[in-house]
*Asks:* 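Sending over a structure as C-alpha cells; questions will come in a sec.
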Amino acid sequence: MNASALLTAQGWRGKGHSLHKTDDSVGLAKPLLLNRKDNTRGIGATQHFTSDQWWMNAFDEQLQGLDTSKKGKVVQTISTGKLNAIEKGSLGKYSLYTTFVRGGFLEGTIEALKKQKEKDESTSDSDSDSDTSEQKTKKTKPAAESKEERRARKEAKRKRREEKAQRKLARKSKKSKSKSDSSDDAAEEKRRRRARKEEKRRRRKEKEGK
C-alpha cells in the first residue's frame, strides 16, 4: 500500500506540507517519529527487569561502607548513600513511604482465652448461687393454715369435683343420644334401600311376564 499516493489522491500537497489545503502552519508538516521495535521483549517494554539493580547497588554501597577495623564494633561510614535518601522526611511531603499507615499489633489468644475462662467461671458461680437460693426457698415450709382456711379449701375442692362429674355425665348423655340418633338414621336408610330393591325386583318380574 502506497500511503503517499493515497494522501495525494485525497488532496495532500506532498512531502514537507501539512494536511491542510493551503496553510502549512495548520497541522503537522513533519511526521511523528516512532521507535522501531527490533527485539522480542513485548510491546511497551523498554529494558529488561534485571538491568535496573537499584536496590542491589544501594545495599552493596551500604555494605561497603561498614567499618569493621575496631574489634567488636561495626560503624557505618556512608551517610549520603542511596538508602539514606529514603529516610523519613528526606524525600519530601509526597514520598511513597509517607503514605503508609501504621497498623496495630496483633494480640495473642492466650489472654483472650484466660478472660473468657474467668467470665465463664463467674457466670457459673452466679448460676449456682441462684440455684441454691431457689432450692432454699422451695425447701422452706409453707405457713400453717387455720381450720377455716382448710375447710374452705376442701369445700372448693369438693365443688370442683362435683362440677367435673356433672360435665362428664352431660358428655356421656350427649354421646349416647348422638349414637341413638345415628342408629335410627341407619335403620331408616336400611329400610329405604330394602324398599327400593323390592320395587326394582317387582318391576323386573312384570317385564319378564310381558
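We use all heavy atoms of the structure for the numbers below, so side chains are in, but hydrogens, waters and symmetry mates are not.
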*Asks:* Say whether, by atom type as modelled, one donor and one acceptor occur between the side chain of T8 and the main chain of G14 under 3.5 angstrom.
*Replies:* no
*Asks:* Please report the shortest heavy-atom distance between L6 and M1, naming the atom on each side.
*Replies:*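 Reported closest heavy-atom pair: CD2-CE, 3.3 Å.
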*Asks:* What do the steps show when you test R194 against E198 for salt bridge (Lys or Arg N to Asp or Glu O under 4.0 Å), and what is the final call?
*Replies:* CA-CA 6 Å; R194 191 179 295 112; E198 291 292 335; over 6 Å; no
*Asks:* By the rule that ILVMFWY residues connect when side-chain heavy atoms come within less than 4.5 angstrom, directly or transitively, which residues belong alongside L7?
*Replies:* W12, L19
*Asks:* Hey, is CZ on R196 packed in by over 12 heavy atoms from elsewhere, all under 6.0 Å?
*Replies:* yes
*Asks:* When rounded to the nearest 0.5 angstrom, what is the spacing between CG in D120 and CD in Q116?
*Replies:* 4.5 Å
*Asks:* Could you check whether any side-chain N or O of Q76 sits under 3.5 Å from a backbone N or O of D67, counting only pairs where one atom can act as donor and the other as acceptor?
*Replies:* no
*Asks:* Could you walk me through whether K159 and E163 satisfy the salt bridge (Lys or Arg N to Asp or Glu O under 4.0 Å) test, starting with their C-alpha distance in whole Å, then the side-chain angles of each, then the deciding distance to 0.1 Å, before giving a yes or no?
*Replies:* CA-CA 6 Å; K159 287 182 179 181; E163 290 176 357; over 6 Å; no
*Asks:* Could you walk me through whether R193 and E189 pass the side chain to side chain contact (heavy atoms under 4.5 Å, CB included) check?
*Replies:* CA-CA 6 Å; R193 286 200 300 270; E189 184 66 24; 3.2 Å; yes
*Asks:* Does a salt bridge link K205 with E208, judged by any charged N lying under 4.0 Å from a carboxylate O?
*Replies:*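 The answer is no: the pair does not qualify as a salt bridge.
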*Asks:* How many angstroms lie between CZ in R13 and NE2 in H20, if you round to the nearest 0.5 Å?
*Replies:* 8.5 Å
*Asks:* Here's a test for you: under side chain to side chain contact (heavy atoms under 4.5 Å, CB included), which of R161, R167, R160 qualifies with K164?
*Replies:*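 Testing K164 for a side chain to side chain contact (heavy atoms under 4.5 Å, CB included) against R161, R167, R160 leaves exactly one candidate, R167.
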*Asks:* When clusters are formed from ILVMFWY side-chain contacts under 4.5 Å, directly or step by step, what else is grouped with L113?
*Replies:* none
*Asks:* Is there a side-chain contact between R150 and K147 in this structure, where contact means two heavy atoms from C-beta onward sitting under 4.5 Å apart?
*Replies:* yes
*Asks:* Of K197, R202, R201, which is the lone residue that meets side chain to side chain donor-acceptor pair (under 3.5 Å) with E199?
*Replies:* R202
*Asks:* Under a 3.5 Å distance rule, please check whether T77 uses its side chain to pair with a backbone N or O of G65 as donor and acceptor.
*Replies:* yes
*Asks:* One pair to check against side chain to side chain contact (heavy atoms under 4.5 Å, CB included): E149 and R153. What are the steps and the verdict?
*Replies:* CA-CA 6 Å; E149 292 176 350; R153 180 170 55 80; over 6 Å; no
*Asks:* Would you please test R158 and E162 for salt bridge (Lys or Arg N to Asp or Glu O under 4.0 Å) and show each step?
*Replies:* CA-CA 6 Å; R158 184 180 61 78; E162 289 178 356; 2.6 Å; yes
*Asks:* Please give me the minimum heavy-atom distance between H17 and D24, naming the atom from each residue.
*Replies:* ND1-OD2, 3.1 Å
*Asks:* Does S18 use its side chain to pair, donor to acceptor, with the backbone of L28 at less than 3.5 Å?
*Replies:*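 Judged by distance alone, no pair lies under 3.5 Å.
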*Asks:* Salt-bridged, E118 to K115, with N to O below 4.0 Å?
*Replies:* no
*Asks:* Atom NZ in K172, atom NZ in K168: separation rounded to 0.5 Å?
*Replies:*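 Between atom NZ of K172 and atom NZ of K168 there are 5.0 Å.
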*Asks:* Working to the nearest 0.5 Å, report the span between CD of Q62 and CD of Q64.
*Replies:*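 Result: 10.0 Å between the selected atoms.
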